[in-house]
Amino acid sequence: PSAKAVARERLLRDMYARSTVGGRRAQERTLHRLATAGGLALLPVTDDVLEWIAAAFKPGKHRFGPACLGLLKQLHSKAGH
């Protein structure tokens, strides 16, 4: 692999602490499940997706909600939208 590819791989591998990887995966699964439950595709993020997911977290006043919305924004951007 090229030096650029190796550098990129290292960056992506080390971007998150190993202890947070499981939590991010759980958040991503939660987002997909919520979107599916609402009959929506998670990506690209539309107003409907954003409102549906935010509304799902509101009743329980989950601290997890804002973190998931931040992850949703990252997933949207990473997918090239």
Side-chain angles (χ1 to χ4, degrees):
S2 69
K4 181 179 177 181
V6 171
R8 184 175 189 278
E9 175 61 32
R10 285 184 186 154
L11 171 70
L12 296 175
R13 183 188 64 223
D14 297 337
M15 190 173 292
Y16 303 104
R18 287 185 181 156
S19 61
T20 65
V21 172
R24 285 182 58 83
R25 286 187 185 139
Q27 288 175 346
E28 192 169 340
R29 280 192 307 270
T30 298
L31 289 169
H32 280 283
R33 287 178 182 150
L34 286 172
T36 300
L40 302 166
L42 184 62
L43 298 173
V45 177
T46 62
D47 289 344
D48 287 340
V49 171
L50 187 57
E51 289 171 2
W52 172 256
I53 291 181
F57 285 115
K58 187 171 174 62
K61 299 180 182 170
H62 296 281
R63 292 181 301 168
F64 189 59
C68 280
L69 292 176
L71 176 58
L72 182 58
K73 180 179 176 184
Q74 291 174 5
L75 293 172
H76 180 81
S77 178
K78 186 176 179 180
H81 301 290

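In this chain, residues are counted from 1 in sequence order.
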Asker: Taking the side chain as C-beta and beyond, is there a heavy-atom pair between Arg29 and Arg25 under 4.5 Å?
Answerer: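 The answer is yes; the side chains approach within 4.5 Å.
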
Asker: Is it the case that more than 12 heavy atoms not belonging to Asp14 sit under 6.0 Å from its CG atom?
Answerer: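 More than 12 within 6.0 Å, yes.
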
Asker: If you compare all heavy atoms of Ala41 against all heavy atoms of Ala35, which two are closest, and at what distance to 0.1 Å?
Answerer: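 Between these two residues, the closest heavy atoms are C-CB, 4.3 Å.
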
Asker: Just to verify, what does Glu9 make a side-chain contact (heavy atoms from CB on, under 4.5 Å) with, not counting sequence neighbours?
Answerer: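 Only Arg13 meet the side-chain contact (heavy atoms from CB on, under 4.5 Å) criterion with Glu9.
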
Asker: Working to the nearest 0.5 angstrom, can you tell me the gap between His32 NE2 and Leu42 CG?
Answerer: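 Answer rounded to 0.5 Å: 5.0 Å.
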
Asker: Could you tabulate the donor-acceptor pairs under 3.5 Å formed by side-chain atoms of residues 48-57, not counting sequence neighbours?
Answerer:
unit_1: Trp52; atom_1: NE1; unit_2: Leu34; atom_2: O; d: 2.6

Asker: To the nearest 0.5 angstrom, please state how far the CG atom of Leu72 sits from the OG atom of Ser77.
Answerer: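 Between atom CG of Leu72 and atom OG of Ser77 there are 11.5 Å.
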
Asker: Taking only residues two or more places apart in sequence or in another chain, which ones pass side-chain contact (heavy atoms from CB on, under 4.5 Å) with Pro44?
Answerer: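 side-chain contact (heavy atoms from CB on, under 4.5 Å) check on Pro44 returns His76, His81.
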
Asker: The criterion is side-chain contact (heavy atoms from CB on, under 4.5 Å); which residues satisfy it with Ser2, sequence neighbours excluded?
Answerer: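 Ser2 satisfies side-chain contact (heavy atoms from CB on, under 4.5 Å) with Lys4, Ala5 once adjacent residues are dropped.
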
Asker: Does some side-chain heavy atom of Lys73 sit less than 4.5 Å from a side-chain heavy atom of Val45?
Answerer: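 No. Closest side-chain heavy atoms not under 4.5 Å.
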
Asker: Verify the neighbour count for atom CZ of Arg8: are there more than 12 heavy atoms of other residues, nucleotides or ligands below 6.0 Å?
Answerer: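 No, because the 6.0 Å sphere around CZ of Arg8 holds 12 heavy atoms or fewer from other groups.
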
Asker: Between atom CD of Glu28 and atom CG of Leu71, what is the distance when rounded to the nearest 0.5 Å?
Answerer: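 Taking CD in Glu28 and CG in Leu71, the distance rounds to 6.0 Å.
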
